[in-house]
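Data first, discussion second: the structure below is written as structure tokens.
Ligands are counted one by one from 1 in listed order, and the atoms in each one are counted from 1 as well.
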Amino acid sequence: MKFFIDTANIEEIKSAAAMGILDGVTTNPSLAARETAPYNELLREICSIVSGPVSAEVLATDYRGMMKEAEELAGIADNIVVKIPTILEGLKAIKSLNQQGIMTNATLVFSPAQALLVAKAGATYVSPFVGRLDDIASDGMALVENIVAIYSNYGYDTEILVASVRHPMHVIQAGLIGADVVTMPFEVIEKLIKHPLTDIGLEKFLSDYKKAQKRK
Ligand code: E4P
């Protein structure tokens, strides 16, 4: 399973990259708005830190506007993946960008029908937003299960990128279902490594050893 970090914060990206488990980055306009540097500058810096896929989102909602922005974003670095909203105009843009060899990430996916369409259009990644579905008392991971089943029935190449992750169990469930990628906030990555029994066990190992040294 590939691990992406869901942030536009340079320090978080550097820390996650230093852990040695980072495969890529996803950003969106809300995440970019939290930072002070302009979006394009941030993306350039992110691509200099991470060699894997870096998702950058268009702001336009019409086909022509999306295409123009997508070409500009793709020009920033070879590892840029253009994030396109899953609407009718977006579907057309995904198709054209695929024909031009530009990688795409179909974002804001909330139904198996949307996931099926973007795979047919040739999206590189599909992003089901599991947390936002859970937030409205729907089942985010059930959507991921459905997408995995549909894509495997027909052999679509589109990679399933689980997004809007809120906690470590989303990551584990995505792994059990067989999603290709999970993108998560920095805090979730940190939580994944933690276990109280590891901390208690480590403390005991060290104190036992110290006690024995004193006796010698
Ligand atoms: C992913 O590509 C999205 O940027 C992100 O996961 C959205 O997460 P949120 O629902 O926590 O805003």
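- In this structure, atom 7 (C) of ligand 1 lies nearest to the protein heavy atom F129 CE2, 3.6 Å.
- Atom 4 (O) of ligand 1 has as its closest protein heavy atom N28 ND2, 2.7 Å.
- Note on ring orientation: taking the six-membered ring where Trp is involved, the planes of H170 and H167 are parallel (angle under 30°, cut-offs 30° and 60°).
- Looking at ligand 1, you'll find an N or O of D6 within less than 3.5 Å of one of its N or O atoms.
- Between E57 and ligand 1 there is no heavy-atom distance shorter than 4.0 Å.
- Atoms of ligand 1 lying under 4.0 Å from any heavy atom of K83, numbered from 1 in the order shown and given with element: 1 (C), 2 (O), 3 (C), 4 (O).
- Protein heavy atom in closest approach to atom 11 (O) of ligand 1: R166 NH1, 2.7 Å.
- The number of heavy-atom neighbours closer than 6.0 Å to CD1 of I193, taken from other residues, nucleotides and ligands shown, is 12 or below.
- Considering backbone and side-chain atoms together, T27 places no N or O closer than 3.5 Å to any N or O of ligand 1.
- Salt bridge E187/K191: absent, no basic N to carboxylate O contact under 4.0 Å.
- By the 4.0 Å N-to-carboxylate-O rule, E89 lies close enough to K92 to be salt-bridged with it.
- For the residue pair T86 / Q114, no side-chain donor-acceptor distance below 3.5 Å is found, with atom types taken as modelled.
- Compare S127, P185, S164, S55 by their heavy atoms: the one nearest to atom 8 (O) of ligand 1 is in S164.
- Checked against a 3.5 angstrom limit, the closest N/O atoms of T183 and ligand 1 fall outside it.
- Of the protein's non-hydrogen atoms, R132 NH2, 2.8 Å is the one closest to atom 12 (O) of ligand 1.
- In the model, S55 has no side-chain atom that pairs as donor or acceptor with a side-chain atom of Y125 under 3.5 Å.
- In D157, the CG atom is not crowded: 12 or fewer heavy atoms of neighbouring residues, nucleotides or ligands sit closer than 6.0 Å.
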